[in-house]
Each structure stands twice: as C-alpha cells, then as structure tokens.
Amino acid sequence: MDHFPMQWGRPRNDTFDAYGTYPVAQRTYNGGVDAFSAGVQHTQQPIVTGTSVLAIKYKDGVMMAADNLASYGSLARFKDIQRLHPVGTNTVIGAGGDMSDFQYIQALLDELMIGEFTEQDGHSLGPSEIHEYLSHVMYARRSKMDPLWNALIVGGFKDGKRFLSYVDLLGTTYSASTLATGYGSYIAQPLLRKAVEGNEDTLTEDEAVKILEQSMKVLFYRDARSLNKYQIAKISADGVAISESRSVETNWSFAEGIRGYGAQTQ
Amino acid sequence: MPDMIALSHPASGHPQQRQFNPYSENGGTILAISGADFSVIAGDTRQSEGYSIQTRYAPKVFRLTDKAVLAVNGFAADGNMFVKQVRQRLEWYRHAHAKDMPLRAIARLIQTMLYARRFFPYYVYNILGGIEEDGSGAVYSFDPVGSYERESCRAAGAAQSLVQPFLDNQIYFKNQVPQPGHPHPKHLPLTTVIQLVIDSFTSATERHIEVGDGLEMFVVLAKGSPLYGLENIDGVQEMTATNDGERLFVVRRNLKRD
C-alpha cells in the first residue's frame, strides 16, 4: 500500500508532487467552472491525514497501535488525535487516511450501535459484523465514485475468538494475523510477520506490546508523517482497553556522523 | 530529476484533475479442468497489491452448490461482492424451486449479472466448474463483461500466460503427435488432472511473484462416480452438503511463500 494517502486509488505518477507536499503546495484555481459537475461534490483527495495503523494477534486477543498525528500535507497539524476508536465492547477500529472521513465513519457506527442497542434482543454487533458493515459502506461509496478515503483495521475479540481484518477506500478486504496500513505496510509489516506468524497462540501480552513498540519506533525513525506519541489498544476477553498516549526512547546521535548531504561543509 | 514545479496546471489552463480510480488488481491465478464425470476448480490463496502481499490466505474459489464451484480473479473487492450476489440469487432460486440451480443456468445467470454492469464492469475473470444435469463435467469461463463459453480447461489471472499453454499441451495434446495405433485419450483420469493442477501451480509459483502461499483445489464428482483414489490424496476434505448425489471435495496444499 502507498505511504501517501492522497495517492490511494490513483495511478502512480512520480512527476506529480514527488515530495508529497500536497495540499500545501497546491495553488487555488480561479478559472471557469462546469456548473453541472459542480453540483455534486465528491472527495477527490484526503486533506487532513493519519498515517500507519498496526495490528497483531496474540495469545489472549488482538493488539493495535496508531500514533496521535493528523497531518495537513507535510505539516504536522494536529498532534493529539485519537486514531483508535472503540465500537461497542468487543471491537476497536483504527484508521489511516482522511481524518474527517474517519470521524464520519465513527458517527455512522455510533448510529448503528445505538440502533442495535435499542432492540434489546440480547444480541450485540461483534467485530466481524462491524467489519462486514464497514466493507459494504466503503464498497458502496467507491462504486458511487465518492470514496471514504481511509484504510481501516478492525480488531476484536468475541465468544473466545480473535478477529482481525482490513478494509480500504476501494472496498478491498482481507484478514491475516498481522496487518498494517500506510507506510507501516512497507516498514512494519515484515517485522510484525517475522515476530508473529506461527506464534499467534503463544505470544504473551508483554511480548505483543514489545513488538508493537519496536515497530512504532522504527516507523517514527523512517516515516516523515509520523509522531513519537501513540496509543496501544488491547482487545481480549476482558474487553477493550486503549492506553494513554505514550512514546518510545529514540537516539539521534548517529545523525552527527552522517556526511554527504545537509548543512556540513566537510 | 523530475521538474519540481510540475504541480502547476497543464498548458490548457484547466486544473489537473487526477481522477479517483475505483479499480485495483490483486494478483493470483485460478484454473479449472473438467473430465468425463468430474470437474476440478483451483486457485492460489495469495492476495497482493503491487509488490506487497496483503494476506497469504484469501480464498478465490467458492462452493456455490454441491455441483457448482466458482473461481474469481482480478479486483478482489469486486470478486467478493460478485460472489456474494451470485449466492444470493442461487438462494432465491432454491426457495422458489426447491432445488439447486443447474450449472448451465448458473452460467447464463453469471453472464447477465456481469453484462448488467457493462458500463461499470466488475473487474473480475470468472471460471465456473461443476457437473451438468447430464452428469458430465463442465467448465465455463467468462470475461469481465459476460462473454462466456463452455470448455474443458481454462486458466485465468496473473499466471494465465504461463499455465494455459501448458494445459493446451497436456489436456488438448496440442503439438503432440500420437503414436500410430495409440490415439490421444478423449478424457483424462482424475488423478492425472489433479497432478497437472498441482504442477501448474507449483510452476506458476516459481515464475510469477503474485502466485504462491497456498493452493485450494475443489473436486466435484458426478452422481454415482467412483472416488478414483481421491481419498488417498493428502489433505482432502469432503464438503458435500446435500443428498443430490454429486460429491464435493476440497484439497489444500502449501505453496512457496517467497
């Protein structure tokens, strides 16, 4: 998956904004307008974006991580945004991509959960139902050529079963024991797979936290749209627990030794 | 180095509208071969986008009824949604007629469902395999807008160009001259077909980066057909759900994961 959410769903074109500065560098258009097409506004690009979400299965359930940054192009615009959102008592969704679309999805899910609650029929929506619902919403919107510009990970634990699935702006879905969106799918996913694949039933909670912390650190070192302030969500038989924001120790002393670009003359 | 001020509008003076592309391509390969009284439908289980593996297990081959199996390949979101809708239509048919829809009728249904979306197509190549009402094994292959034909063997997807020529040679005996007095057989036995399918996928896995991880192979046997040694195949599992007579099996194998 592409690191830049504004490129999602688009043909690759490296000559267009190679540095991913949009929308900061975009100039306003003052020409004429097509009155007919202007009648309908469709999302053409994400504006305020979140970067990677990571998720893994472990012995007692599912664990997810996402940082607290919402970027405006290359500007770190909002630094206290929660991108892990609990839905009901068994599910957490994590979102990359456009944050206003994500807030709209949260509103949709609130409405859905309240509707189900008022039935009082002894049933509640679990992670698989929520993922199914989201995949239909996302696919329907892409089919209207008016996508919700997100990559979502749905993690949950219900009736003794772990659940972990992905859905994005195209309606593409899949599940695996490790998932990552955005830059994380390039940088963190290999680390997660190495640590988790085949060990899903033996990894302890502490080990799972360590794996995610390490991956978030690597992402912070390499992803320019990331922040060293993130949360970890744990979904197990005890229900949902989303941590306070935390950070990892980083060490930049190696940067002193880098030669060849930057301000040094020698 | 690319022009860094290429952000500006093209010569026309109109804004550069980079349109949302509602399609993607998720790799993988599917394959079906029919015999005199059986049909084999297979696909790998890798789902990818570009150079990234999204998951190592995403089924592309689906049981529709005890005598019909559908394999879908192309854009995964369209494929899954299409299978869901076909299954819904088959359920309605079962409630209306108290029997499963015959294979050739499913094939025509798939054509009309695909062509209904002629101007916003499902970006999916379908291969339908199963048993006809006359008890013969059959394979139907479709293009994304519904053109279809009945054949006895078809490969589609990422490694179509690697697998189909192999099948033409081994199933249709293309470019093979029969020994005098020993004509090519009309139908191949099930064990031979299964070996050809497994070989096709291990070979495609070697030479195509989008193929691998797992092989899922469905075998449909006609009413009253013997097992042909199917019970001795590693990792076989029966999936038959009705008493209509046809029997359905699935075989799962590992493929290389690199």
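Since the structure is predicted, the reported quantities are computational estimates derived from the model, not experimental observations.
Between A:Y166 and A:Y174, the angle of the ring planes stays under 30°, which puts this pair in the parallel group of the 30/60° scheme. Between B:Y123 and B:Y23, the ring-plane angle classifies as perpendicular under the 30° and 60° cut-offs. Taking the six-membered ring for Trp and thresholds of 30 and 60 degrees, A:Y183 and A:Y186 have ring planes more than 60 degrees apart, a perpendicular arrangement.
Summarising the geometry, atom CG belonging to A:L108 is positioned 8.5 Å from atom CG belonging to A:L134; distances are rounded to the nearest 0.5 Å.
Among the residues in residues 78-93 of chain B, those with a non-hydrogen atom closer than 4.5 angstrom to a non-hydrogen atom of chain A are B:D78, B:N80, B:M81, B:K84. Taking 4.5 Å as the heavy-atom cut-off, the residues of residues 192-202 of chain A that approach chain B are A:R193, A:E197, ordered by number.
Within the 3.5 Å criterion, the main-chain N or O of B:K67 finds a donor-acceptor partner in the side chain of B:T65. With hydrogens and angles ignored, the 3.5 Å screen pairs a side-chain donor or acceptor of B:T29 with a backbone N or O of B:A159. No donor-acceptor distance shorter than 3.5 angstrom exists from the side chain of A:R142 to the backbone of A:D168, with no hydrogens or angles considered. Remark: the backbone N or O of A:G61 is not paired with any side-chain donor or acceptor of A:R162 at under 3.5 angstrom. When atom types are taken as modelled, the side chain of B:S141 and the backbone of B:I127 share no donor-acceptor pair closer than 3.5 angstrom.
Only the side chain of B:F120 has a heavy atom closer than 4.5 Å to any heavy atom of chain A. For a residue to count as touching a neighbouring chain, one of its non-hydrogen atoms must lie under 4.5 Å from one of that chain's; by this rule B:Q47 touches chain A with the side chain only.
Contacts with chain B were tallied for A:S135, A:S175, A:S177; A:S175 has the most, counting heavy-atom pairs under 4.5 Å.
The side-chain heavy atoms of B:L70 and B:Y140, taken from C-beta on, include no pair separated by under 4.5 Å.
Here B:K256 pairs with B:E206 in a salt bridge; the nearest charged N to carboxylate O distance falls below 4.0 Å.
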